[in-house]
There are 2 protein chains.
Amino acid sequence: MTVRTLDHPTRAEIRLEAVLHALSDPVRLQVVRFLAGLAEGEEAPCSAIDLAVTKSTTTHHFRVLREAGVIHQVYRGTAKMTAIRRDDLDALFPGLLDAVLTADATQRSRVPVG
Amino acid sequence: MTVRTLDHPTRAEIRLEAVLHALSDPVRLQVVRFLAGLAEGEEAPCSAIDLAVTKSTTTHHFRVLREAGVIHQVYRGTAKMTAIRRDDLDALFPGLLDAVLTADATQRSRVPVG
DNA sequence: GCCATAGTACGGCGCTTATCGAACTACGAT
DNA sequence: ATCGTAGTTCGATAAGCGCCGTACTATGGC
């Protein structure tokens with residue numbers, strides 16, 4: 001049995017390019033949109049989000065987000081709870097996450113797809 | 001002789017994911033940083049920016065930025081003048097470009113590299 | 001112990017990307 | 001017309017990405 005720990009970059013290790021890259025995929029943007037809609041600090045299991053991809057692809061996307069520093073994940077029983085790292089992102093890159101979320105919302109209202 | 005016209009997405013065609021992807025590369029971020037530092041509407045030839053890649057790679061990166069709608073390019077004589085599409089980006093995604101530029105500046109002051 | 005549920009790991013497939021060098025085109029100046 | 005400068009185009013390569021299915025592991029409940 002493994003300890004099932006997950007590597008996260010520290011706040012100082014988070015790189016803007018990695019964050020932008022993580023956010024540039026529609027599936028991952030959907031995850032972030034969902035997590036950002038939760039209450040402050042609230043977590044959700046991967047399975048709470050209905051993604052149009054298989055489980056293994058889901059795992060891949062969550063890893064990209066986690067390794068970029070966008071989300072934080074911890075194991076709780078059989079679930080893996082995920083939360084957005086809003087405080088870290090806001091501290092490092094003020095306004096960035098909000099601008100992306102607003103831009104995403106605007107775009108989705110212009111082009112009602114996905 | 002070709003007319004040497006360049007295809008640009010219209011404002012409505014600009015997609016957030018494409019913009020984020022375009023900005024997620026260090027070389028392209030350097031280009032955007034440079035262009036954003038110019039006066040409103042001011043243009044610069046590709047050669048004005050000292051990129052650590054070859055000319056053909058430079059052409060590639062400028063095309064990615066142009067096709068994403070981040071920059072506007074027009075031929076003037078032998079040069080190809082480039083300007084950032086600040087008005088379009090600001091109209092579509094308010095605060096996004098500024099947040100990215102600020103984030104980039106902050107990160108560069110934290111980690112003085114590149 | 002056994003099973004169901006939640007997620008991981010592995011290997012693979014097809015596509016895209018970042019990069020290069022070398023040959024080419026367009027334009028301005030001489 | 002020749003030359004130089006600016007940028008393009010054309011392979012090519014090596015790496016990465018998004019996606020899948022299958023087999024696996026971990027946890028909790030029966």
The side chain of [X] lies closest to which of these nucleotides: [options]?
X        : options                  : value
Thr78(A) : dG7(D), dT5(C), dT19(C)  : dT5(C)
Asp25(A) : dG7(D), dG18(D), dT9(D)  : dG18(D)
Cys46(A) : dG7(C), dC19(D), dT19(C) : dG7(C)
His60(B) : dT9(D), dA18(C), dG7(D)  : dA18(C)

Look at the side-chain N and O atoms of [X] and state whether any lies under 4.0 Å from the OP1 or OP2 oxygen of [N].
X        : N       : result
Arg28(B) : dA18(C) : yes
Arg76(A) : dG28(D) : no
Thr59(B) : dT9(D)  : no
His21(B) : dC17(D) : no
Thr57(A) : dC20(D) : yes
Thr54(B) : dT19(C) : no

Is the base of dG21(D) touched by the side chain of Ser56(A) through a donor-acceptor pair closer than 3.5 angstrom?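 Between dG21(D) and Ser56(A), which were checked side chain against base, a qualifying N/O pair under 3.5 Å is present.
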
So how far is it from His61(B) NE2 to Ile49(B) CD1, rounded to the nearest 0.5 Å?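 CD1 of Ile49(B) is found 12.0 Å from NE2 of His61(B).
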
Within the structure provided, determine whether Phe93(B) and Val19(B) are in side-chain contact (heavy-atom separation under 4.5 Å).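 Heavy-atom side-chain distance check passes, below 4.5 Å.
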
Report the distance from atom [atom1] of [X] to atom [atom2] of [N], rounded to the nearest whole Å.
X        : N       : atom1 : atom2 : value
Phe62(A) : dG18(D) : CZ    : P     : 14 Å
Leu51(B) : dG7(D)  : CG    : C1'   : 13 Å
Met81(B) : dG7(D)  : CE    : P     : 9 Å
Tyr75(A) : dT27(D) : OH    : P     : 9 Å

Flag the pair His72(A) / His8(A) as yes when their ring centroid distance falls below 6.0 Å, and as no otherwise.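 Between His8(A) and His72(A), which both carry aromatic rings, the centre distance is below 6.0 Å.
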
Side chain to side chain contact (heavy atoms under 4.5 Å, CB included) partner of Arg28(A), the single match among Leu65(A), Val70(A), Leu23(A):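 That would be Leu65(A); it is the only one of Leu65(A), Val70(A), Leu23(A) passing the side chain to side chain contact (heavy atoms under 4.5 Å, CB included) with Arg28(A).
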
One thing to verify: whether Arg86(A) and Asp98(A) come together as a salt bridge, which I'm taking to mean a side-chain N less than 4.0 angstrom from a carboxylate O.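 The answer is yes: the pair qualifies as a salt bridge.
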
